[in-house]
Amino acid sequence: MDKGKSRQYSGGGAFGKGRELTHLVRNTSLNPIDPNNNPHGKTAMANQKPDKKYIDYQKAKWRNSKVIVHLDMDAFFAAIEQQHCPELKDKPVIIGGPPEYRGVVATCSYEARAFGVKSAMSSKDAHRLCPNGIFLETDGAKYTYISVQILNILRGFSPTVEPFSIDEAFVDITGLWEIYGSPLKMVEAIKSEIKSRSNLTCSAGIGPNKIIAKMASKMDKPNGTTVIAPDVVPAFLECLPVEKIFGVGHSTKRTLEKLGVHTIGQLAETDVAVLTDIFGVNGKALHNIANGKGDTNVIPFYQRPLEKSIGHEMTLPRDTNSFEVIKANLRLLSERVGRRMRKSGLEAKRVTLKFRYFDFSTFTRAKTLSNHIKSDNAVFNQALLLLKANPIKSAPLRLIGVSVSRLREIEGDNRQLEIFDKLSEERAAKISQVMDKIKDNFGDRSITYLSTQLKYNY
Amino acid sequence: MEFTVSKDDFSPLLQKVASVIPMRTSLPMLYNIVIESGKNKITVKATDLDISIRGECKAEVKNKGKIAIQGKVLSDFIREYTEEEINISGDEGHIEIKSKRGKYSFSGVSEEEFPKLPDIDVKNVVEIPGGVIRRMVRKSQLAVARDDSRPALSGILWRGKGEEMVMVATNGHLLSKVSYSGFKNAKFNFDVIVPPKAFDNFLKLYGDSEDDVKVAFSKDILFFLLDEVILTARLIEGPYPNFEQVIPTNNDKKIIIDKEMFLQLIRQSSILASNITHQIKLSFSSLGTVKISATNFDIGTQAEDEMDVDYKGDDLEIAYNSNYLLDILKHIDTDKALMELSSSEKAGVVRAVSYAENEDYLYLIMPLRLA
């Protein structure tokens, strides 16, 4: 049974620690919640008589506001693997590179989190914290497949769904929630649908804009729902530390601290001019966010602006200056970049090669071409030319990356016939497209270039 | 170092050498020109790493020395300088030019930082009339690939065999082949891919002359040994695609067409063509006409025109990128052009109806697939 929880902050009074769940729930969802969806709701609701006036007031809270939901899948990769392989259930599953090699944790199950394992920590550290952890390599194709399924579920609820990453999405439910009675009830229905169709749980945040919704979904993980109605936004934000704002990292935080700004409440009261002086346009944006004003524009996939660049990079399992190994890895990266580019229906005019030496000194070299390219081969050849033009120092490389930019939608068939058909980009693109089809049917690892197999050839 | 040199010798030399200095570079050393005073002469050199120019002129040398000086500044200054005798003195860090009543100084840097230029290797010297090189380059370079996604195609193939010389360029859609034969008693034997920039620089130095020019080849460097200066160019690595086998030899549809009129109709129709494909459609009819048509659906334009041609074969519809066709026709020297075609998806050949003695050139053009 789903252990769904929901939380809603009441107006008046700062958001503090030990807030009672029942109290929060009582304030919001007054219509009886389907007990299958929300057992907490049920207990909280038990003694509550529906109060017509109050319901109207609740509705009124959202009446003139956008209602944006942020959904964040719980331990997405790990949960999928546990789903896929029941023996992994209730075990500490860690998704990421194996600890023998230089890898990082992409995500881990909640059982592993109990040991202190976190995303982005090195696999070595994770192994030390959780020696019995089960390490699995990421299987992007599998996760993408599930991700697409979940997005389709979301599109059944609202036409305005914006995928934000493989395991996060924004949904605009403005107006639509009235069918369900309240935003919370609609979100509970969404979560229950996801649970029943994929057996995965997610955490949700409901707010008047994307930023608030995203912050809200973080408040109660896993499988929680946090509602921040427009009238409680100031109270919600007031005491939160500034780094909870999406995009505020170490350096912004340090700069703000120098100004004596530690909480979002303090940020809200800071003069905009001071912020714009320091952060430029971002200063204004920060100030807006702190004051509860944020982007409400959920961009559905069909309106998504073109991507600016598509890239892949990898830290090599070991530092190397072997040209063969680097070339093999470039092949692999180019293949991934090419496939993603074609999946998005794009072709590129610029190729960038990134390389980092063992001492972390990092360089990028780029080349703009006269024609757009879309084949793996063309991406690879350009990356290789860039590599050759910048001969590897005797120092070993730690990381390499390939990206393409100056993208545009593929413009029909190129009808210019080629003199040297064997060398032509058109032919190379056809080969790539055939490989794409094979991968679509049999998985991303079903076919690759033979030369990529030299990638571990130390 | 200290030397005295005449402006008439020094200024033209500096202009020539400085012409290779790059406009922009990530290696600031390349903005310099290196001056070295030796026994009764000075040598001057500059490079952009791919191409280098060096030369010498006689001078009255008091002290030997070397220095690297901002090249454009020095050559611009010397060009404007009014005194006939130029006295230059200096040390490792700067030079000075003293006029009758004034003083001009330039700071410089040590010459040791300057990239080493390739050694002159003149074992395989051939003498070629420069005017022939000029005409061959002008005729062939239009087909050079502008991007270097296939490095070999970004150069001009220059092949000399026995008494014949060939230049070929292609961007994969268009191919030019120019040949000259009849170099009496020549024993050419070279096969190199030359960056067009090298020929550009050579032609700038060589001007309108028709004199013979000495050319030498080493493994990866090409040398032009001119009267005052030596130009070196790094060659492009091959292999060059096998162009011989792609040039059709038995295209049966032969069309003779008035070049100027054809050129003009294509030029004006192409303005109404798609600005992505630049497609222009040619419909040759057995009645001896060609219909020229173009459409741009984006802006709603349509062109259709017709002219008489000398053609008796079957009807044929074929589409080309109009830019390529225009480029080719501009390089046909005769009043009429000869097109040799086979089908709407096969390579066509465009050539002149007659040639000067020993000269031959043709252009291969690939069509656009008709939608």
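We name chains A, B, ... by the order of the sequence lines, and we start the count at 1 in each one.
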Is the number of heavy atoms from other residues, nucleotides or ligands under 6.0 Å of A:L450 CG greater than 12? no
Which atom of B:L175 lies closest to which atom of A:I419, heavy atoms considered: CB-CD1, 3.8 Å
For residues B:N242 and A:F420, determine if any side-chain heavy atom of one lies less than 4.5 Å from a side-chain heavy atom of the other. no
Residue, of B:A319, B:P367, B:A347, that accumulates the most heavy atom pairs under 4.5 Å with chain A: B:P367
Among all residues two or more places apart in sequence or in another chain, which pass the side-chain hydrogen bond (donor to acceptor under 3.5 Å, both in side chains) test with B:S26? none
Near A:K437 NZ, under 6.0 Å, is it more than 12 heavy atoms from other residues, nucleotides or ligands? no
Can you tell which part of B:E345 gets under 4.5 Å to a heavy atom of chain A, answering side chain, backbone, both or neither? both
When B:H173, B:K346, B:M366 are each screened for side chain to side chain contact (heavy atoms under 4.5 Å, CB included) with A:L417, the one that passes is B:M366
Check ring pair (Phe, Tyr, Trp, His ring centres under 6.0 Å) between A:F380 and all other residues, then give those that pass, not counting sequence neighbours. none
If you draw a 6.0 Å radius around CD in B:E112, do more than 12 non-hydrogen atoms from other residues or ligands fall strictly inside? no
Less than 4.5 Å to any heavy atom of chain A: does that hold for the side chain of B:Y324, its backbone, both, or neither? side chain
Contacting region of B:I276 [heavy-atom separation from chain A under 4.5 Å]: side chain
Could you check whether atom OH of B:Y355 has more than 12 heavy atoms from other residues, nucleotides or ligands sitting under 6.0 Å from it? yes
When you compare the side chains of B:R369 and A:Q416, does any donor N or O come within less than 3.5 Å of an acceptor on the partner? no
